[in-house]
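Following: one structure in structure tokens, then a few remarks.
Values in this document were obtained by computation on a predicted structure and should not be read as measured data. Ligands are counted one by one from 1 in listed order, and the atoms in each one are counted from 1 as well. Residue numbers start at 1 and run along the sequence shown.
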Amino acid sequence: MKLLTVVGARPQFIKAAAVSRVIRSDYPGIIDEVLVHTGQHFDHAMSEVFFTELDIPQPRYNLEIAGGPHGAMTGRMLEAIEQVLLQEGPDCLLVYGDTNSTLAGALAAAKLHVPVAHVEAGLRSFNMRMPEEINRILADRVSRLLFCPTRTAVANLYAEGLTQGVSNVGDVMFDASLHYRGMARERSSVLGRLGLLEQSYVLATCHRAENTDDPQRLQAIIQALAELAGEMPVVLPLHPRTRNTLAALGLNAALKAVTLVEPLPFLDMIRLEQTARCIVTDSGGVQKEAFFYQVPCVTMRDETEWPETVELGWNRLAGASRERIVDAVLQAQRPALSGSAPYGDGQASQLIAEGLLSSL
Ligand code: UDP
């Protein structure tokens, strides 16, 4: 079977690494995967470093489409992916998550009657102002195979009347965390490089448009991180979008007590996650990784697509309120272990490969 996989953004490289590894090791000559990189994330630290470190095959196509407003970016991707589909004639198109690359891939394939498989189907924030929410709802609607990471995601699809082709396979990022956790401990020297002691620092990330594009929210977040940096080291790998906004708003000076670093390679990032005292983030993936590594998390959003992390006591929603963020971090504690495994048993990638073969 010929599978065309479309990726474009950092979290998709990590998810695709998990599935591609299984395809290459367990299905050689059975599933032929052609990788298309839209170019949505293009700089070395947000893209190439992941291909090298996570051993992802080089994309056969790099569409080099980045920047611009959402409509223009998605439109250009749609046009280019349609050409690739016509040229390659795949049996299936595989997309991950909720970016513009996900939507463009799904839509281009559906219009050509190429079956679409969506990994991370069924996630909902119920906030239609998020570009990601629009992308996921539309991608799910045109997908033939809906690989859900959780029971909640399955229930969300059922509530929308989507019941065909739905399966709960578990979370591919949990697979990735199992595969890379030991490697990060052995290979990463990031703690030493940044002069950090285990359990004594806060790791922060911030890049959601709802925070970076709203000066009031961004300012409150910056104040919270600056205040926390008075108590203990705070490390903030800066997403390019956040870096640009901070510079444009002249907010860099407010962060002088915070350790600002470039976006980190994956092993360094998860090494920092594993031994943080607390993680503060607006990222979907980082919330879950905090849970996987049993580190308390404070989420700088008003809702989450991963409610299990909150229900099990590992994650607190603090919105973009300076006071709530600071209090939640200073009070963060590990809850009692529950033994519950909402993200599957580490076999999601295997189940996806099997699902592709058996259903198409
Ligand atoms: N990540 C990374 N380096 C960084 C920040 C994040 O490798 O400097 C990883 C992180 O460990 C997680 C993924 O990127 O696996 C999350 O991606 P991101 O926060 O960009 O997107 P989201 O999950 O919110 O869609």
Side-chain angles (χ1 to χ4, degrees), residues 7-19 40-54 56 66 95-103 119-120 123-125 127 130-136 139 149 171-181 183-184 187-188 190 193-194 202-212 234-243 258-276 279-293 295 297 299-301 303-306 309 315 343 348:
V7 293
R10 174 171 64 189
Q12 291 167 334
F13 307 142
I14 296 158
K15 293 163 198 169
V19 177
Q40 188 173 342
H41 282 167
F42 56 91
D43 48 14
H44 181 79
M46 295 293 287
S47 174
E48 201 182 317
V49 72
F50 291 91
F51 282 80
T52 317
E53 188 172 56
L54 308 185
I56 308 171
V95 283
Y96 294 88
D98 53 23
T99 69
N100 291 341
S101 304
T102 314
L103 175 61
V119 174
E120 270 196 0
L123 293 184
R124 297 290 181 265
S125 66
N127 175 0
M130 286 180 77
E132 294 91 341
E133 183 78 351
I134 299 167
N135 291 341
R136 13 176 128 96
D171 183 19
V172 288
M173 286 197 60
F174 183 46
D175 296 14
S177 81
L178 295 175
H179 186 78
Y180 293 108
R181 65 177 64 197
M183 231 182 267
R187 296 191 195 165
S188 170
V190 69
R193 288 203 317 274
L194 297 178
V202 170
L203 174 65
T205 77
C206 175
H207 75 287
R208 282 263 97 69
E210 70 204 52
N211 288 332
T212 59
V234 175
V235 184
L236 175 63
L238 264 186
H239 191 283
R241 178 196 290 152
T242 316
R243 180 179 289 283
V258 172
T259 307
L260 299 181
V261 293
E262 290 297 308
L264 290 165
F266 187 58
L267 295 184
D268 282 347
M269 181 65 187
I270 60 174
R271 183 73 193 119
L272 283 185
E273 289 175 350
Q274 287 168 342
T275 55
I279 292 174
V280 189
T281 189
D282 59 9
S283 154
V286 175
Q287 285 175 63
K288 262 181 311 162
E289 285 167 343
F291 176 79
F292 301 153
Y293 300 126
V295 176
C297 182
T299 294
M300 304 186 289
R301 289 186 49 201
E303 66 275 314
T304 177
E305 295 78 10
W306 306 101
T309 58
N315 190 6
Y343 300 113

Which residue, R301, Q287, E210, forms the side chain to side chain contact (heavy atoms under 4.5 Å, CB included) with D282?
R301
Among E303, E305, E132, E133, the one residue meeting side-chain hydrogen bond (donor to acceptor under 3.5 Å, both in side chains) with N127:
E303
Value for NE2 (H239) from NE2 (H41), rounded to nearest 0.5 Å, stands at 4.0 Å
Give the protein residues with at least one non-hydrogen atom closer than 4.0 Å to an atom of ligand 1, ordered by chain and number.
R10, P11, I14, F50, M173, H207, R208, P237, P263, L264, F266, M269, E273, S283, G284, G285, V286, E289
Near F42 CZ, under 6.0 Å, is it more than 12 heavy atoms from other residues, nucleotides or ligands?
no
Quick one: side chain to side chain donor-acceptor pair (under 3.5 Å) partners of E53, sequence neighbours excluded?
none
Is the F13-F266 ring centre distance short of 6.0 angstrom?
no
